[in-house]
Amino acid sequence: MANGIRNKREHSFFGDVVNYFERAAKYTIHPAGLLDQIKGCNSIYRMNFPVRLNKGIEVFTAFRVEHSHHKLPVKGGIRYSTAVNQDEVMALAALMTYKCAVVDVPFGGAKGGVCIDPRKYSEIELEKITRRYTSELVKKNFIGPGTDVPAPDYGTGAREMAWIADTYAAFNPGQIDAIGCVTGKPVSHGGIRGRTAATGRGIFYGIREAVNKKDDMKKLGLEPGLQNKRVIVQGLGNVGYYTAKFLQEAGADIIALAEYEGAIYDKNGLDVDEVFKHRKKSGSILNFKKAKNIMPSGKALEMACDILIPAALENQINSGNAKRIKAKIIGEAANGPVTPEAERVLLKKGVLIIPDLYLNAGGVTVSYFEWLKNLSHVRFGRMGKRYDQLVNSTLVDSIETAVGKSLSKKNKEIILHGADEEHLVNSGLEETMVNAYNEIRETWKGNKKIPDLRTATFVVSINKIANSYIASGIFP
Ligand code: GLU
């Protein structure tokens, strides 16, 4: 998106992920053979399939890459974009493996992609393409609740996931767990409350945890906490929108928002919901109230701010613009938004980069909860909520009678409210993101030789995957 969104990549994306892996592997003690097994992509399925559309038959190229089978099922989104190619899908599948391990989600990594611009097709055409893609996955056993479970990614959402689930179920009549073959479904079709906002919410928890570390903030010349932090977000899709919204609610100032068509800037902070509505209505982010238009969009990334959040696509901060980046913290909400060349420049400047494989793991974390819900065939909170409410209200009544004083209305509401599905999902997500940040940070701080947070995150991830192979007896 930066300079019109599609920058030519400097290197192979998968090659970059392998380099990150190898840089981190030096700080582990695992044998070379085991590291090789973790590093490579296990299965790569490239397919061409025809679909009869209004204008005639069109042949589509698509992929599904299963990177690691150390845990099953493998997991990862499906992307619809004209930039989809084998190298990209391999890189994204590998990142899924490392991402799942960092946040203790018991899946291997995978990714899928269809090389298509979804905006050029009608809804009916997209449904046909999605169903045909799914049937290609079924044919080769590249989808199933116990084998490979896709999810939304760039260019896809709950609608596509519902088509996928329905197609898979049609090929597997009577399979009781069929609905667990894909996550990110609409709540009415076996989805889970909180999944849509999950990636953005997870990014918010991750950034909040990072900026609460006094020592780290001192080094950056920043006060701890989110209050009045100047934030720039690139991408107002699902991930960018929720990230910006939650950060704003926590007191940060969203001073610029960038999209394909341009960016807008207001030093006093933009109202994220209003900008979202404005873009939906007018078709462009530009010309929002008194905000200043920034053209081209990529210039917004180079403006002075405390936290820069690329939440669109890979390769947005590269050797072309790295020198001009003024942010003190970069939160990688997208997968691979900072190239290794850019990273070298930024680390020299002392920028704290919170890496993608940790920061955007909230999506797959809640996908895991959805999958658990599908396999258990019951909504979280359904069994316990009323019972908890009864116990809590009896407790509050007894305390109020004993003390002779009433609790405030607000506190009473919080205590009496039994947890429903969304509370439990958000609580599980917060616990996951907070614990994982502290684990990777402690690994970083605990070994003076580990140069940065990304390397530390890969170290944590590699150790977990290697230990799982060792525990399984494959590599005794
Ligand atoms: N596409 C998301 C990601 O890159 C979610 C994957 C999932 O939920 O399986 O993490």
Side-chain angles (χ1 to χ4, degrees), residues 13 17 63-68 71-81 84 88-114 137 142-158 160-162 164-165 180-186 190-192 194-203 205-206 235 237-240 242-243 310-314 331-337 354-374 425 428-429 432-433 436 457 461:
F13 189 5
V17 178
F63 302 86
R64 184 75 183 165
V65 173
E66 296 180 349
H67 172 260
S68 173
K71 286 198 196 279
L72 287 174
V74 294
K75 188 88 191 75
I78 291 173
R79 171 173 290 214
Y80 284 3
S81 145
V84 160
E88 184 191 59
V89 185
M90 284 169 70
L92 294 168
L95 282 174
M96 284 309 302
T97 295
Y98 307 130
K99 192 185 299 192
C100 288
V102 169
V103 289
D104 292 327
V105 163
F107 297 143
K111 202 76 165 200
V114 182
L137 297 178
F142 268 70
I143 183 169
T147 48
D148 187 339
V149 181
D153 199 82
Y154 188 84
T156 60
E160 285 74 15
M161 302 307 116
I164 293 174
C181 72
V182 65
T183 59
K185 301 177 290 289
I192 195 164
R195 174 63 183 86
T196 312
T199 311
R201 189 181 280 281
I203 291 162
Y205 290 141
N238 176 46
V239 177
Y242 281 108
T243 303
L313 284 165
E314 58 264 26
E332 292 188 333
N335 290 309
I354 313 176
D356 49 5
L357 69 156
Y358 158 71
L359 195 61
N360 68 31
V364 74
T365 301
V366 176
S367 276
Y368 169 47
F369 301 156
E370 179 176 332
W371 181 77
L372 292 174
K373 174 188 183 180
N374 293 153
V425 162
L429 176 59
T432 304
M433 294 306 294
T457 311
S461 179

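Keep in mind the model is a prediction, meaning the values are calculated, not measured. What's counted below: heavy atoms across the whole structure, side chains too, no hydrogens, waters or symmetry copies. Each ligand, and each atom within it, is numbered from 1 in the order the structure gives.
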Report each N/O pair between ligand 1 and the protein that falls under 3.5 Å, naming both atoms.
unit_1, atom_1, unit_2, atom_2, d
ligand 1, 1 (N), Pro152, O, 2.8
ligand 1, 1 (N), Asp153, OD1, 2.7
ligand 1, 4 (O), Lys99, NZ, 3.1
ligand 1, 4 (O), Lys111, NZ, 2.9
ligand 1, 4 (O), Asp153, OD1, 3.4
ligand 1, 4 (O), Asn335, ND2, 3.4
ligand 1, 8 (O), Arg195, NH2, 3.2
ligand 1, 8 (O), Ser367, OG, 2.5
ligand 1, 9 (O), Lys75, NZ, 2.8
ligand 1, 10 (O), Lys99, NZ, 2.8

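Partners of Lys111 under the side chain to side chain donor-acceptor pair (under 3.5 Å) rule, at least two apart in sequence or in another chain, are Asp153. Looking at residues two or more places apart in sequence or on another chain, you find a salt bridge (Lys or Arg N to Asp or Glu O under 4.0 Å) between Lys185 and Glu370.
A distance-only check finds a donor-acceptor pair linking the side chain of Tyr358 to the backbone of Met433 [under 3.5 Å]. Judged by distance alone, the side chain of Ser461 and the main-chain N or O of Thr457 form no donor-acceptor pair under 3.5 Å. Between the side chain of Ser68 and the backbone N or O of Thr97, no donor-acceptor pair lies under 3.5 Å.
Sorted by first and then second residue, the pairs that involve residues 355-368 and meet salt bridge (Lys or Arg N to Asp or Glu O under 4.0 Å), not counting sequence neighbours, are Asp356-Arg454.
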